[in-house]
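Just below is one structure, and these are the notes that go with it.
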Amino acid sequence: MGGLAAVVATQFAASALAAAPSQAEARHEAGRKIYNFRCYFCHGYSGDARTLAATYLAPKPRDFTRDTEKDINREQMLAAVRNGKPGTAMKGFKGIIPERDIELVVDFVREEFIRRKLVNTRYHTKENGWPNHERHKVAFPFATGEIPLDRPWDKLSPVEQRGKRLFLSTCITCHDHARTEDPGPAWGGRPLSYPRNHFDPGDYTAAPPTAADAIASASPYKLHDVIPQVAGLSAAEKRGETLFQANCAFCHGATGTGKNWIGSFMEPHPRDLTDPAFMRDMTRERLAHTIREGLPNTSMPAWKLVLKGDEIDAIISYVSRVFHPVKQ
């Protein structure tokens with residue numbers, strides 16, 4: 001019996017060793033799901049921070065593919081995910097996801113991007129709602145930057161012209177202008193909420209989006225990309241409008257509601273600056289402090305190194321006039 005017991009014990013140990021990789025794989029895949037839901041928007045599906053959102057953030061989100069294990073240790077990463085990074089758009093997830101999920105996603109990032117330099121999950125897959133994506137390949141050179149989007153039409157072949165039209169009508173919402181050789185005023189505007197209604201930023205004759213576009217495009221988000229038209233703005237309020245629409249509207253929407261496409265996607269949602277219940281007790285001092293220092297555990301970054309004091313004051317004047325009165 002002793003010999004039989006030894007054989008059984010050996011077989012059991014071998015089975016346990018065989019099961020170990022699958023358990024590790026399951027843990028890794030659990031981390032992947034968390035990353036692909038929570039983190040890809042800024043850090044990218046491949047961990048390289050090559051996303052549209054990243055182009056609007058300063059400092060940029062971390063590019064994990066450029067790190068080695070010596071550059072940042074596990075405890076540092078756990079602390080960053082748990083508590084956020086002051087002065088950046090990296091919010092803390094403590095209280096939003098369990099500690100176990102924080103550990104899973106950090107271990108996934110370390111293994112997938114830092115150690116193995118893998119590409120993770122490609123976005124345009126059947127599972128993500130993109131069956132037979134190869135049929136759009138004529139637009140791929142504009143998405144990857146192989147062909148600059150501002151290359152003159154007469155310098156493009158018929159196939160390239162077809163690809164550019166497809167990119168401008170379908171891909172530009174997420175890929176923005178990908179690569180331009182001369183990113184001047186035509187390409188400097190903020191991205192519109194999906195869908196773009198065939199809006200071509202290079203066409204100076206195109207009318208800006210209107211409230212009617214939201215109905216015509218069946219998109220409830222685009223309505224919130226329309227800048228409110230308010231007559232009689234003071235000089236400070238006009239300056240605040242320019243600053244708000246250039247810096248704040250990406251998350252809060254041009255209407256200040258946070259109900260644009262990006263704002264609706266974020267968790268927690270950006271504040272609705274038109275909400276009477278929230279704005280009723282808002283003061284200039286409190287709002288200025290929030291803009292300067294940011295809000296922990298949200299995507300509201302600190303702007304004190306980006307905006308000067310008088311610029312913050314101008315934004316508050318604009319908010320108070322256009323969205324909801326702010327108390328002194």
Side-chain angles (χ1 to χ4, degrees), residues 20-21 23-121 123 247-248 250-252 258 262-263 265-271 286-307 312:
Q23 292 173 356
E25 182 178 350
R27 194 174 187 279
H28 187 73
E29 291 307 310
R32 187 193 306 277
K33 288 182 180 179
I34 298 167
Y35 180 90
N36 286 351
F37 182 75
R38 301 278 182 181
C39 316
Y40 91 92
F41 187 67
C42 292
H43 291 285
Y45 272 114
S46 296
D48 55 8
R50 295 181 62 185
T51 70
L52 174 59
T55 65
Y56 292 92
L57 298 176
K60 302 291 185 185
R62 194 176 190 103
D63 177 354
F64 298 115
T65 66
R66 303 180 68 177
D67 285 322
T68 68
E69 292 182 74
K70 294 181 180 179
D71 293 329
I72 182 170
N73 62 45
R74 185 174 184 267
E75 289 305 315
Q76 288 174 310
M77 293 180 68
L78 288 171
V81 177
R82 190 182 296 122
N83 304 316
K85 295 283 290 182
T88 77
M90 178 63 189
K91 68 177 183 180
F93 285 86
K94 183 179 180 180
I96 296 177
I97 62 176
E99 179 67 20
R100 176 179 178 274
D101 286 359
I102 292 176
E103 294 179 2
L104 286 173
V105 75
V106 164
D107 290 340
F108 167 78
V109 169
R110 293 185 67 79
E111 179 67 20
E112 189 85 357
F113 305 135
I114 297 179
R115 293 193 188 105
R116 301 175 65 187
K117 309 297 182 186
L118 300 180
V119 296
N120 182 20
T121 304
Y123 179 74
N247 296 285
C248 316
F250 184 69
C251 294
H252 289 279
I262 298 300
F265 175 88
M266 301 171 78
E267 181 185 345
H269 297 313
R271 287 292 191 183
R286 177 184 166 195
L287 186 53
H289 181 271
T290 299
I291 297 173
R292 283 197 310 270
E293 305 298 332
L295 278 177
N297 299 321
T298 76
S299 294
M300 176 64 184
W303 289 87
K304 59 187 175 184
L305 300 180
V306 179
L307 297 172
I312 293 176

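Predicted model, so just to flag it, every value in this text is computed and none were measured.
- Smallest separation of non-hydrogen atoms from Ser46 and Thr65: O-CG2, 3.3 Å.
- For the atom pair CD1 (Ile312) and CD1 (Ile291), the distance works out to 6.0 Å, reported to the nearest 0.5 Å.
- The environment of NZ in Lys60 is crowded: more than 12 heavy-atom neighbours from other residues, nucleotides or ligands sit within 6.0 Å.
- In terms of the side chain to side chain contact (heavy atoms under 4.5 Å, CB included) criterion, residue partners of Ala54 (sequence neighbours excluded) are, by chain and number, Thr51, Pro61.
- Between Asn120 atom CG and Phe64 atom CZ the span is 11.5 Å, to the nearest 0.5 Å.
- Considering every non-hydrogen atom in both Ala89 and Leu57, the closest pair reads CB-CD2, 3.8 Å.
- Under a cut-off of 6.0 angstrom, the local environment of CZ in Arg100 is sparse, with at most 12 non-hydrogen atoms contributed by other residues, nucleotides or ligands.
- Annotation: side-chain hydrogen bond (donor to acceptor under 3.5 Å, both in side chains) contacts of Glu75 (sequence neighbours excluded): none.
- The minimum heavy-atom distance between Val105 and Ile102, with the atom names listed, is CG1-O, 3.3 Å.
- Looking at residues two or more places apart in sequence or on another chain, you find a side chain to side chain contact (heavy atoms under 4.5 Å, CB included) between Arg66 and Asp63.
- The environment of NZ in Lys33 is sparse: at most 12 heavy-atom neighbours from other residues, nucleotides or ligands sit within 6.0 Å.
- With rounding to the nearest 0.5 angstrom, the OG1 atom of Thr290 is 5.0 Å from the CG atom of Leu295.
- A 6.0 Å sphere centred on CZ of Arg110 holds more than 12 heavy atoms belonging to other residues, nucleotides or ligands.
- Counting heavy atoms from C-beta outward, Ile114 and Ile72 have side chains that approach closer than 4.5 Å.
- Applying the ring-ring contact (aromatic ring centres under 6.0 Å, His included) definition to pairs two or more places apart or across chains, none involves residues 287-306.
- For Lys94, the side chain to side chain contact (heavy atoms under 4.5 Å, CB included) partners at least two apart in sequence or on another chain are Arg82, Asn83.
- Taking the side chain as every heavy atom from C-beta outward, Val119 and Tyr45 never approach each other to under 4.5 Å.
- Separating the SG atom in Cys251 from the NE2 atom in His269 is a distance of 12.5 Å, to the nearest 0.5 Å.
- Not a single ring-ring contact (aromatic ring centres under 6.0 Å, His included) links His252 to another residue, sequence neighbours left out.
- At least one donor-acceptor pair under 3.5 Å links the side chain of Gln76 to the backbone N or O of Asn73.
- Legend: residues meeting side-chain hydrogen bond (donor to acceptor under 3.5 Å, both in side chains) with Asp67, ordered by chain and number and at least two apart, are Arg62.
- Rounding to the nearest 0.5 Å places CG of Leu287 at 11.5 Å from CZ of Arg271.
- Residue pairs that meet the ring-ring contact (aromatic ring centres under 6.0 Å, His included) test with at least one member in residues 66-109, sequence neighbours left out, are His28-Phe108, Tyr35-Phe108, Phe108-Phe113.
- Qualifying salt bridge (Lys or Arg N to Asp or Glu O under 4.0 Å) partners for Glu103, counting only residues two or more places apart in sequence or in other chains: none.
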Query raised in the report: Should Val81 and Met90 be marked as a side-chain contact (heavy atoms from CB on, under 4.5 Å) after you check the CA-CA gap, both sets of side-chain angles, and the distance that decides it?
Result: CA-CA 8 Å; Val81 177; Met90 178 63 189; 4.2 Å; yes

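- Pairs of residues two or more places apart, or lying in two chains, that qualify as salt bridge (Lys or Arg N to Asp or Glu O under 4.0 Å) and include a residue from residues 287-303 are Glu293-Lys304.
- Listed by first then second residue, pairs satisfying salt bridge (Lys or Arg N to Asp or Glu O under 4.0 Å) with a partner in residues 35-54 read Arg38-Glu267, not counting sequence neighbours.
- With sequence neighbours excluded, the residues satisfying side chain to side chain contact (heavy atoms under 4.5 Å, CB included) with Asp107 are Arg27, Arg74.
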